[in-house]
Chemist: 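Have a look at this one before I ask anything.
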Amino acid sequence: MRLTVATWNINSVRLRINLVARFLKEHAPDVLCLQETKCRDAEFPLADFHKLGYSHVVINGQKGYHGVAIASKLPLTDADRRGFCDKGDARHVAVTLTPAAHKPVRLHNFYVPAGGDEPDPLINPKFAHKLAFLDELVAWMSADGVANTDAIMVGDLNIAPLEADVWSHKALLRVVSHTPIEVEKLGLVLRAGPWVDAMRRYVPADEKLYTWWSYRARDWAESNRGRRLDHVWVSESLAPRLGGMRVLSESRGWERPSDHVPVLVHLDY
DNA sequence: ATGGTGGTCCTACCA
């Protein structure tokens, strides 16, 4: 069998439920991880997911901001919603799924703080929060052995680590999402697993790869000033099962799109 | 170098 996991920062699941429906119908992932759902759990459009065949949904939402969810065709167990930095933000949800008669897989879905505009933790509390969040991720991953079993970690990590993850390495060195301190800390998270960067298994490190294009460009495709802010990582134990990856760039051109596009990864069992 | 757009919810705040 083939397990397909997708991740997408939807930028309001209620506003874009029709785009979600289109994506699920056209690409039929087994599991979809969403970020920036921007609604309380009671306001989540659960019935739409059920109608589309995603009868297992685990939500961690809050009013107006952040919010993550996992919708699945396969049963989900052991749901966990971890708070980071004692902020009460809804930025993480984890579940366990079991691909037909195989070993269970732990799946973590993250929305890492964006970090504001000024890349100085001393004058920008949002950037300080982002760095503290990453520090806490490293400590937790090491202590709990998060990637010691079959595990997948996806989400909007709000960091573009490689030079080819941004349209201009030089222009973005002092722009939050690509500053050296964030890139270094994301590297510590990756190595704390240790995790495998599944997307870069399919696209060479020096080849441009983006999952986000700003709303502020006149023409996102023409200017193509993108960044790879969304990621799929797998535990080393699962790396041999990787069976393909796709970035659905075309969805950035759909009507009233999210500024992020879905990433799909296949695992063969 | 600047400001550009779009989300929530109603006044700024966040991305």
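Chain identifiers are assigned alphabetically (A, B, ...) following the order of the sequence lines, protein sequences preceding nucleic acid strands; residue numbering begins at 1 within each chain.
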Chemist: Could you give the distance separating B:dG7 and B:dG3 at their P atoms, to the nearest angstrom?
Modeler: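 B:dG3 and B:dG7 have their P atoms separated by 22 Å.
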
Chemist: With sequence neighbours left out, write down each residue that passes ring-ring contact (aromatic ring centres under 6.0 Å, His included) with A:Y215, or none if nothing qualifies.
Modeler: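 Not a single residue meets the ring-ring contact (aromatic ring centres under 6.0 Å, His included) criterion with A:Y215.
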
Chemist: What is the separation between atom CG on A:L229 and atom C1' on B:dC14, rounded to the nearest whole Å?
Modeler: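 Rounded to whole Å, this separation is 15 Å.
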
Chemist: Using atom CG of A:L19 as one end and atom C1' of B:dG6 as the other, report the distance to the nearest whole Å.
Modeler: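 Distance check: A:L19 CG to B:dG6 C1' gives 14 Å.
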
Chemist: Taking the side chain of A:K63 as its heavy atoms from C-beta onward, which of B:dC14, B:dC9, B:dA15 lies nearest to it?
Modeler: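 So the side chain of A:K63 is nearest to B:dC9.
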
Chemist: Could you tell me the separation between the CD1 atom of A:I17 and the P atom of B:dG7, rounded to a whole number of Å?
Modeler: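 Going from CD1 in A:I17 over to P in B:dG7 covers 15 Å.
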
Chemist: Mind checking salt bridge (Lys or Arg N to Asp or Glu O under 4.0 Å) for A:R216 and listing every partner two or more places apart, or none if nothing turns up?
Modeler: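 Listed in chain order: nothing, the list is empty.
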
Chemist: DNA chain B: A:L15 or A:Y111, which has the more 5' nearest nucleotide?
Modeler: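 Result: A:L15.
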
Chemist: For nucleotides B:dC9 and B:dA15, find the distance between their P atoms and express it as a whole number of Å.
Modeler: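 Pairwise P distance, B:dC9 against B:dA15, rounds to 15 Å.
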
Chemist: What is the distance, to the nearest angstrom, from the CD atom on A:E118 to the C1' atom on B:dC13?
Modeler: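 Value for this atom pair: 18 Å.
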
Chemist: For the residue pair A:Q35 and A:T7, confirm or rule out a side-chain donor-acceptor distance under 3.5 Å.
Modeler: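 A donor-acceptor contact under 3.5 Å links the two side chains.
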
Chemist: Take the protein atom NZ of A:K38 and the nucleotide atom P of B:dA15, then report the distance between them rounded to whole Å.
Modeler: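 These atoms are roughly 9 Å apart.
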
Chemist: At 4.0 Å (heavy atoms only), tell me whether A:R40 reaches a base, stays on the sugar-phosphate, or touches nothing.
Modeler: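 Here A:R40 touches no strand at all.
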
Chemist: Is there any ring pair (Phe, Tyr, Trp, His ring centres under 6.0 Å) pair reaching into residues 53-78 of chain A, and which pairs are they, with sequence neighbours excluded?
Modeler: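 Of all non-adjacent pairs touching residues 53-78 of chain A, those that pass ring pair (Phe, Tyr, Trp, His ring centres under 6.0 Å) are A:H66-A:Y111.
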
Chemist: Checking A:E250 now: which residues fulfil salt bridge (Lys or Arg N to Asp or Glu O under 4.0 Å) with it, not counting sequence neighbours?
Modeler: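 A:E250: salt bridge (Lys or Arg N to Asp or Glu O under 4.0 Å) contacts with A:R246.
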
Chemist: Where does DNA chain B pair, written as one dot-bracket string 5' to 3', with Watson-Crick or G-U pairs under 3.5 Å, ( ) inside the strand, [ ] for crossing pairs and | for another strand?
Modeler: ....((((...))))

Chemist: What is the distance, rounded to the nearest whole Å, between atom CG of A:D89 and atom C1' of B:dA15?
Modeler: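 Going from CG in A:D89 over to C1' in B:dA15 covers 14 Å.
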
Chemist: Consider only side-chain N and O atoms of A:W213 and A:D259, and report whether a donor and an acceptor are under 3.5 Å apart.
Modeler: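 No.
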
Chemist: Restricting to salt bridge (Lys or Arg N to Asp or Glu O under 4.0 Å), what partner residues turn up for A:K73, sequence neighbours left out?
Modeler: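 Applying salt bridge (Lys or Arg N to Asp or Glu O under 4.0 Å) to A:K73 gives none.
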
Chemist: Side-chain donor-acceptor contacts of residues 21-28 of chain A below 3.5 Å, not counting sequence neighbours, with atom names and distances?
Modeler:
{"unit_1": "A:R22", "atom_1": "NE", "unit_2": "A:E26", "atom_2": "OE2", "d": "3.0"}

Chemist: Going by the ring pair (Phe, Tyr, Trp, His ring centres under 6.0 Å) test, which pairs reach into residues 130-157 of chain A, not counting sequence neighbours?
Modeler: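 Qualifying pairs, neighbours excluded: A:F84-A:F133, A:F84-A:W140, A:H92-A:W140, A:H108-A:W140.
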
Chemist: Only one of A:V189, A:T179, A:L134 forms a side-chain contact (heavy atoms from CB on, under 4.5 Å) with A:I159, so which one is it?
Modeler: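 For A:I159, the side-chain contact (heavy atoms from CB on, under 4.5 Å) check succeeds only for A:L134.
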
Chemist: If you take any heavy atom closer than 4.0 Å to DNA chain B, which residues from residues 119-130 of chain A end up in contact?
Modeler: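 Residues of residues 119-130 of chain A under 4.0 Å from DNA chain B: A:K126.
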
Chemist: With respect to the phosphate group of B:dG7, does any side-chain polar atom (N or O) of A:R16 fall under 4.0 Å of OP1 or OP2?
Modeler: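 Yes, within the criterion.
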
Chemist: Whole angstroms only, please: what is the OH-C1' distance between A:Y65 and B:dG6?
Modeler: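 It works out to 13 Å between those atoms.
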
Chemist: List in numerical order all residues of residues 213-227 of chain A for which some heavy atom is under 4.0 Å away from an atom belonging to DNA chain B.
Modeler: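 Under 4.0 Å from DNA chain B: A:Y215, A:R216.
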
Chemist: Take atom P in B:dT2 and the same atom in B:dG6, then report the distance between them in whole Å.
Modeler: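 Each nucleotide's P atom is 23 Å from the other's.
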
Chemist: Whole-Å distance between B:dT8 P and A:E43 CD?
Modeler: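 It works out to 11 Å between those atoms.
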
Chemist: With a 4.0 Å limit, can you tell me whether A:S12 has a side-chain N or O closer than that to the phosphate oxygens OP1/OP2 of B:dT8?
Modeler: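 Checking A:S12 against B:dT8: at least one side-chain N or O falls below 4.0 Å of OP1 or OP2.
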
Chemist: Would you mind telling me which of B:dA15, B:dG7, B:dC9 lies closest to the side-chain atoms of A:R256?
Modeler: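 Of the options given, the side chain of A:R256 lies nearest B:dG7.
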
Chemist: With sequence neighbours left out, which residue pairs that include part of residues 147-170 of chain A fulfil the salt bridge (Lys or Arg N to Asp or Glu O under 4.0 Å) condition?
Modeler: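 Of all non-adjacent pairs touching residues 147-170 of chain A, those that pass salt bridge (Lys or Arg N to Asp or Glu O under 4.0 Å) are A:K103-A:D150, A:D165-A:R200, A:D165-A:R228.
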
Chemist: Looking at residues at least two apart in the chain, or sitting in another chain, which of them share a salt bridge (Lys or Arg N to Asp or Glu O under 4.0 Å) with A:R2?
Modeler: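 Testing A:R2 for salt bridge (Lys or Arg N to Asp or Glu O under 4.0 Å), a comparison that skips the adjacent residues, returns A:D268.
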
